[in-house]
Amino acid sequence: MNDADTIGKTKTAPKTKRPRLYKVILVNDDFTPREFVVHVLKAVFRITGEQSYRIMMTAHQRGVCVVAVFTRDVAESKATEAIDLARRAEQPLMFTTEPEE
Ligand code: TYC
């Protein structure tokens, strides 16, 4: 860009800011069968059975586990989709979302 391009123009910040990312968090409960949790994780988050099993066991042992991070809209719709699948199967399985850092 030469001087002729910038004269008289207001400086604006470069539009390179990335959107804030949101974590989708799997929450443990005492009722949902382990296999059903794995099924939901595979179906909604398109991850392997092995990854799903590890995430499920982490939530089972520690209370919660981050499943993945997405932009806000995607995180919220994935969490809603997963909760809906559980509701239709009459399971209390719960997911939450929260912003990173
Ligand atoms: N704790 C459940 C059980 O023992 C399994 C489970 C794991 C449920 C993770 C929810 O997020 C969860 N049947």
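It should be emphasised that the depicted structure is a prediction, and the values quoted were computed from it without experimental measurement. Each ligand, and each atom within it, is numbered from 1 in the order the structure gives.
One N or O on the side chain of Q51 and one on the backbone of T48 form a donor-acceptor pair closer than 3.5 Å.
Side-chain contact between M94 and I83 is present, with at least one heavy-atom pair separated by less than 4.5 Å. Between L26 and L41, the closest side-chain pair of non-hydrogen atoms falls below 4.5 Å.
Residue E100 qualifies as enclosed at atom CD: its count of foreign heavy atoms under 6.0 Å is above 12. The number of heavy atoms from other shown groups lying within 6.0 Å of CD (E90) does not exceed 12.
Ligand 1 lies under 4.0 Å from heavy atoms of L26, V27, N28, D29, T32, R34, V37, M56, A59, H60, L93.
Residues F45 and A82 approach most closely at CE1-CB, 4.4 Å, considering heavy atoms.
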